[in-house]
Trainee: 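Below is a structure I'd like to ask you about.
Note that the structure is a prediction, hence the values are computed from the model and not measured.
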Amino acid sequence: MAKFSREQIEQQINAHFVREGVEKGVAMTLAMRGADHYCDSANATVVSSIAHAKTFLKSTKRIKGAPDIKRNQGRARR
């Protein structure tokens, strides 16, 4: 199995997320996270690095938009 450089991994992960329709800036951030995982873990693969980056994507989406849970403004009176 070939061991890729950090730049090669970043390019592969970035291209993957751009193909999936993620914004370029977010895709670059995810590529950096995935490359960190690839370089820090001994048995990491490109697929596991993409999966690691996707978990970061989920947390990023939660932070930026409106909250997923709608809060009640109070009890409804009858």
Trainee: Going by atom types only, do His16 and Glu20 share a side-chain donor-acceptor pair under 3.5 Å?
Mentor: yes
Trainee: In Å and rounded to the nearest 0.5 Å, what is the CZ to OG1 distance from Phe17 to Thr29?
Mentor: 11.0 Å
Trainee: Would a 4.5 Å heavy-atom cut-off, applied to side chains only, mark Tyr38 and Lys3 as touching?
Mentor: yes
Trainee: To the closest 0.5 Å, what do you measure between CG (Asn14) and CD1 (Ile9)?
Mentor: 12.5 Å
Trainee: First locate atom CD1 of Ile13, then atom CZ of Arg33, and finally report the distance between them rounded to the nearest 0.5 Å.
Mentor: 12.5 Å
Trainee: Do Ile50 and Val26 sit in one hydrophobic cluster, given that two such residues count as connected whenever their side-chain heavy atoms are within less than 4.5 Å of each other, even indirectly?
Mentor: yes
Trainee: Val22, Phe56: one ILVMFWY side-chain cluster at the under-4.5 Å cut-off?
Mentor: yes
Trainee: Check for a donor-acceptor pair, side chain of Ser41 on one end and backbone N or O of His37 on the other, with a separation under 3.5 Å.
Mentor: yes
Trainee: What is the distance from atom CZ of Arg6 to atom CE of Met32, rounded to the nearest 0.5 Å?
Mentor: 9.5 Å
Trainee: Using side-chain heavy atoms (C-beta onward) and a distance below 4.5 Å, is Lys54 in contact with Leu30?
Mentor: no
